[in-house]
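Notes to accompany the following structure.
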Amino acid sequence: MGLDVPKTVGAFVLVLLVGIGGLVVLPELTPMTPMGMDTIMMMVLPSMALFGAIMLAIGVKHGEYRATN
């Protein structure tokens, strides 16, 4: 599987959009409202992006390790 920077960034953004999109659409599909839009954008999105970036860095380093050993 050949991943380069544009594909990796695209997959990363897609995962963020699916996660945030699910929280935004959830009140339309069910009677419950988990949180407001301001909470989603100011707390959930940055924490998802930061966690994803940390996991991506760990995954890249592990891939480099596996490729050399």
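As a basis for the values below, the full set of heavy atoms in this structure was taken, side chains included, without hydrogen atoms, waters or symmetry mates.
Note on Phe51: it clusters hydrophobically with Ile54, by side-chain heavy-atom contacts below 4.5 Å among ILVMFWY residues. If you chain together hydrophobic residues whose side chains sit under 4.5 Å apart, Leu23 and Met41 fall into the same group. Under the 4.5 Å side-chain heavy-atom criterion for grouping Ile, Leu, Val, Met, Phe, Trp and Tyr, Met35 is connected to Leu16 within one hydrophobic cluster. At a threshold of 4.5 Å between side-chain heavy atoms, the hydrophobic network of Ile, Leu, Val, Met, Phe, Trp and Tyr places Leu50 and Val15 in two separate groups. By the criterion of side-chain heavy atoms lying less than 4.5 angstrom apart, applied directly or through intervening Ile, Leu, Val, Met, Phe, Trp or Tyr residues, Ile20 is grouped together with Met37 in one hydrophobic cluster.
Of all heavy-atom pairs spanning Tyr65 and Asn69, the tightest one is CE1-ND2, 2.5 Å. In terms of heavy atoms, Gly19 sits closest to Met48 at CA-CE, 3.9 Å.
Summarising the geometry, atom CZ belonging to Phe12 is positioned 10.5 Å from atom CG belonging to Leu17; distances are rounded to the nearest 0.5 Å.
Shown here is Met55, whose CE atom has more than 12 heavy atoms of other residues, nucleotides or ligands within 6.0 Å.
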